[in-house]
Participant: 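Okay, here's the structure, questions in a sec.
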Protein chains: 2
Amino acid sequence: MKFAAVDVRQAASAADIVYEALRKAIIEGDLAEGENLRQDQIAQMFNISRIPVREALSRLEQHGLITTQRYKGAVVAGLSIEEIEEIFEFRALIEAEVIRLAVPNLDREALEKARRHCDAFDRETDPHRWGEINRNFHYSLYEASRRPYYLQNVRSSLDRIDRYLRAQLSFTNGVPRAGREHEAILAACEQGDADLASRLTRDHILDAGRSLMTFLREQRG
Amino acid sequence: MKFAAVDVRQAASAADIVYEALRKAIIEGDLAEGENLRQDQIAQMFNISRIPVREALSRLEQHGLITTQRYKGAVVAGLSIEEIEEIFEFRALIEAEVIRLAVPNLDREALEKARRHCDAFDRETDPHRWGEINRNFHYSLYEASRRPYYLQNVRSSLDRIDRYLRAQLSFTNGVPRAGREHEAILAACEQGDADLASRLTRDHILDAGRSLMTFLREQRG
DNA sequence: CATAGAAAAATTGGATCCAATATACAATCG
DNA sequence: CGATTGTATATTGGATCCAATTTTTCTATG
């Protein structure tokens, strides 16, 4: 018997849907840090019971996106300046290595894809989309590293600080600079210079971290 | 009225207890990879309902220690040779950096603690304890890095491959070598040579990875 | 005896209900 | 009037029950 190849991914469970929705809302900054997350309220929003909501919240807590206290509930986790600095330092280390490993494997297709995301980033005017496109650009290069575990950690660390990064990109004029740095990274990749791409990626992340720090220090006083 | 200050930490929930117990069993290799984990069976072992068990399993899945399929249940995750290699490579990167950051902060107390764990590792004859003592030794140095996020990732990556490492230490004679490498790392730390400690840590992890690879390739055929 | 199909058992995800505890607010007492 | 105590409400963690689906077992048939 012949049949079309169908993506038979298991339909997402309710807990999966809630988890993804809350994760997205947190990393995009739609849920402010410190905001209360009531199980019942979330359950009603999705028209489900609290059971899958609890499961979703438990997962979010494992990833450090929320904190929970018995009888008190969950709140969106806030990060101190020191914690944010540490995560940027970590990202610089990991992502510099990931792109170093990726460069030898980058083919024409991957480079073209990265080019499209790079251009899209420069053209985009909606602040809410910068974060997404920024991820797409970096991931399109990182994927060639063929290191799923590294990528999982890249994603996890970026998830934690993405909302701050997005806020900074929106409130300051960090976008043109990020765009230029993207161009330089992509050029190094196109020339097959792994060391240069690695150094530029590291600097790109540390620069963004420093900008964010000054932004936050002044915002938080 | 005077009274003693008491640690009023919230008693762990049932889900926490199950999570920690299963995590320990998996990383210590008491649960073999591929082994089925039935919610009902686990619930009965702990005399609780399936609800907290499900929550614990959901968390374990987030950490990559098990995989689940609807209507089929959970199995202890097995890692391919490539996945294990990648995790060792990742650990080498992270832990080399962590110890570099730690060395300047190591005080007399931390060094003495590390020395005790180092000696205990050499003296220990029970294979089941090597993994634990190995962790204690490395963590006692890493903690001085004052990088909680790095340490979280160190723990998470070590969790995934610890059972293979323990098996290899038990079945081959990798312990004396690891002991010598620990000595060298500790000596570099005592001399305040961060770069050397970093290089030695990196080599220590990569060496262990290579030993494990040859062990596994021959074991798996 | 081998095999296809039906029935039974096993197993998970989710809904509803209950117990435990924190918080907010009213009642009481000095 | 302020402080303290009691009570009602809000909220979470867990138990029990139900629905959906897979796996296994049994049975009928060629």
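In the text below, chain A, chain B and the rest are named by the order of the sequence lines, each starting its count at 1.
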Participant: Sequence neighbours excluded, which residues qualify as side chain to side chain contact (heavy atoms under 4.5 Å, CB included) partners of A92(B)?
Facilitator: R202(B), I205(B), L206(B)
Participant: Using whole Å, report how far CD1 of I66(A) lies from C1' of dT11(D).
Facilitator: 15 Å
Participant: Expressed as a whole number of angstroms, how long is the span from Q69(B):CD to dT22(D):C1'?
Facilitator: 11 Å
Participant: For residues 71-87 of chain B, which residue pairs pass the salt bridge (charged side-chain N to carboxylate O under 4.0 Å, His left out) check, not counting sequence neighbours?
Facilitator: E85(B)-R217(B)
Participant: Using atom CZ of F46(B) as one end and atom C1' of dG14(D) as the other, report the distance to the nearest whole Å.
Facilitator: 15 Å
Participant: Of all residues at least two apart in sequence or in a different chain, which pass the side chain to side chain contact (heavy atoms under 4.5 Å, CB included) check with R220(B)?
Facilitator: E33(B), I81(B), I84(B), Y164(B), L216(B)
Participant: Could you list all the salt bridge (charged side-chain N to carboxylate O under 4.0 Å, His left out) pairs where at least one residue sits in residues 145-154 of chain A, not counting sequence neighbours?
Facilitator: R147(A)-E89(B)
Participant: Distance check needed: dT12(C) P versus D16(A) CG, whole Å only.
Facilitator: 16 Å
Participant: Taking side chain to side chain contact (heavy atoms under 4.5 Å, CB included) as the test, write out the residues that go with V154(B), two or more places apart.
Facilitator: I94(B), E95(B), V98(B), Y139(B), Y142(B)
Participant: Mind jotting down which residue pairs meet the salt bridge (charged side-chain N to carboxylate O under 4.0 Å, His left out) criterion with at least one end in residues 59-68 of chain A? Sequence neighbours excluded, please.
Facilitator: D16(A)-R59(A), E55(A)-R59(A)
Participant: Give me each pair satisfying ring pair (Phe, Tyr, Trp, His ring centres under 6.0 Å) with a member in residues 76-104 of chain A, each pair once, sequence neighbours excluded.
Facilitator: F90(A)-Y149(B), F90(A)-Y150(B)
Participant: Show the distances under 3.5 angstrom between N or O atoms of the protein and N or O atoms of nucleotides 23-26 of chain D.
Facilitator:
{"from": "dT23(D)", "atom 1": "OP1", "to": "K72(B)", "atom 2": "NZ", "distance (Å)": "3.3"}

Participant: If you restrict it to nitrogen or oxygen atoms, what contacts under 3.5 Å exist between nucleotides 15-18 of chain C and the protein, and what is each distance?
Facilitator:
{"from": "dA15(C)", "atom 1": "OP2", "to": "S49(A)", "atom 2": "N", "distance (Å)": "2.8"}
{"from": "dA15(C)", "atom 1": "OP2", "to": "S49(A)", "atom 2": "OG", "distance (Å)": "2.6"}

Participant: Using a 4.0 Å cut-off on heavy atoms, which residues in residues 30-44 of chain B reach DNA chain D? List them by number, or say none.
Facilitator: none
Participant: Name the orientation class of the two ring planes belonging to H182(B) and H204(B) (parallel below 30°, tilted from 30 to 60°, perpendicular beyond 60°).
Facilitator: perpendicular
Participant: Expressed as a whole number of angstroms, how long is the span from R70(A):CZ to dT23(C):P?
Facilitator: 14 Å
Participant: Who are the ring pair (Phe, Tyr, Trp, His ring centres under 6.0 Å) partners of H117(A), not counting sequence neighbours?
Facilitator: none
Participant: List the residues meeting side chain to side chain contact (heavy atoms under 4.5 Å, CB included) with A25(B), not counting sequence neighbours, and say none if there are none.
Facilitator: D30(B), L31(B)
